[in-house]
Amino acid sequence: MKKIFYAILITMLAGVTFFWLFYSTKDYSRTPDEVVYTMCAGSFIEWIKNPDPFSKDVLLRHWDIGYEHPSFVKILSGITWSIFHNKVGNLTSYRLATIINFSLLMVVLYIFSSPYLGRGMAICASVFLLCIPEVVKYAHLAEININLALFWFLIVIFFLKGLKTKYWIYISGIIFGLALGSKMTTFIIPVAMLIWIIKYHPPKSWNAYVIFLVLGILTFILSWPSLWFSFPSKLIEHTKFYVTSIPVTPDKPWYFGPKSFFYGIPPGLAILFIIGVAGVFIEKNQLGILSFINMLMMFLISSIHFIYPGEGIRYFLPAIPFVTILCASGLKYLCLRF
């Protein structure tokens, strides 16, 4: 009975969130990033309409838009635009992919974290997503980072499931490849997994990791058709472009990234986050520890002296499910003690 109750509750919460975001997205004006984002998504739609889509000239024209490319996340926006732009307008139809993914993230986060946290705390992990102002803001926009939150979480959770049932590893690897094609920072995930494997040595994890990594890289290459010509020089060229476009600053202190992160979340959640980090190690919670390692990687990269991650938590958004899992773990730890 409790299982049905919680299933209905999370479905209702996700449904209300979807309609709330959909009807309030008009209050957010188009951002500069959305101009490029929607241009790439539109380029994908034009590409699939072409009578000879796999010729070299057509691929390079539609998959290299100022060195940007219609990644999987942008492709989803192109699909929602093609279906709904006549009904809800151009900008809202592009943003609809983000709204759907974010609402789905709430359900997915509950389903897969409940075995590790319990159903009540898994609900809290989903609700905590709505308690962070910047998360809610970007959930309205056609934006990569908040969309990647769903894919990063699925990569990790399917990898953990794949240690028991092998076919989940293949799914995890494919999602990793699609997410990597959307943003290179997705490489944080396999590095975090490697650290977790070295520390805990779960059975069959090395074979699973190799399969995951190889399948992910192959998926990445196959999902980016303009790389098929002049490979790997084309990949090197794009990588140089993205590396040189990373914002830099010579005067940033090492603690700038963590400071921006904690400044971007409410104080109550920040306290729960810190308690949760301690709690997952005390209780040896697998998902919690892997969530912490992912966050630690984010902190380390954002603390590199010359990299400027920007104010707030925008560049932490792909890891936001891991944040709320740790917050929910902190709440659970407090409840068990008091």
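Predicted model only: the values in this text are computed from it and were never measured.
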Exercise: do N285 and E283 side chains pair donor with acceptor under 3.5 Å: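 No, no side-chain donor-acceptor pair sits under 3.5 Å.
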W63 versus S43, side-chain donor and acceptor atoms under 3.5 Å: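 Result is no, nothing qualifies.
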More than 12 heavy atoms of other groups within 6.0 Å of [X] [atom1]:
{"X": "I4", "atom1": "CD1", "value": "no"}
{"X": "K26", "atom1": "NZ", "value": "yes"}
{"X": "F19", "atom1": "CZ", "value": "no"}

Do [X] and [Y] belong to the same hydrophobic cluster, where Ile, Leu, Val, Met, Phe, Trp and Tyr are linked whenever their side-chain heavy atoms lie under 4.5 Å apart, directly or via other members?
{"X": "I293", "Y": "W206", "answer": "yes"}
{"X": "V16", "Y": "F5", "answer": "no"}
{"X": "M297", "Y": "V280", "answer": "yes"}
{"X": "L317", "Y": "Y28", "answer": "yes"}

Pairs touching residues 87-114 that satisfy side chain to side chain donor-acceptor pair (under 3.5 Å), sequence neighbours left out: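 Listed once each, the pairs are T25-R95, E34-R95, W81-N90, T98-N147, N101-N147.
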Residue pairs fulfilling side chain to side chain donor-acceptor pair (under 3.5 Å) with at least one residue in residues 209-229, sequence neighbours excluded: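 Non-adjacent pairs meeting side chain to side chain donor-acceptor pair (under 3.5 Å): D64-S226, W224-S226.
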Would you say the rings of [Y] and [X] are close, in the sense that their centroids are separated by under 6.0 Å?
{"X": "F112", "Y": "F158", "answer": "yes"}
{"X": "F102", "Y": "F18", "answer": "no"}
{"X": "F176", "Y": "F220", "answer": "no"}

Minimal non-hydrogen separation, F229 against S55, with atom names: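 Heavy atoms of F229 and S55 come nearest at CZ-C, 4.4 Å.
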Nearest atoms (heavy-atom pairs only) where I313 meets E134: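 Answer, listing the atom of I313 first, then E134: N-OE2, 3.1 Å.
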Do side-chain atoms of [X] reach the backbone of [Y] as a donor and acceptor pair under 3.5 angstrom?
{"X": "N294", "Y": "L290", "answer": "yes"}
{"X": "S205", "Y": "H201", "answer": "no"}
{"X": "T186", "Y": "S182", "answer": "no"}
{"X": "T324", "Y": "A125", "answer": "yes"}

Residues which pass side chain to side chain donor-acceptor pair (under 3.5 Å) with K74, listed by chain and number, not counting sequence neighbours: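 Residues passing side chain to side chain donor-acceptor pair (under 3.5 Å) with K74: E68.
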Identify, with sequence neighbours excluded, every residue that meets ring-ring contact (aromatic ring centres under 6.0 Å, His included) alongside [X].
{"X": "F159", "answer": "F212"}
{"X": "Y23", "answer": "none"}
{"X": "F261", "answer": "F273, F299, F316"}

Pair D33 + R314, salt bridge at N-O below 4.0 Å: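 Salt bridge between D33 and R314, a charged N being under 4.0 Å from a carboxylate O: yes.
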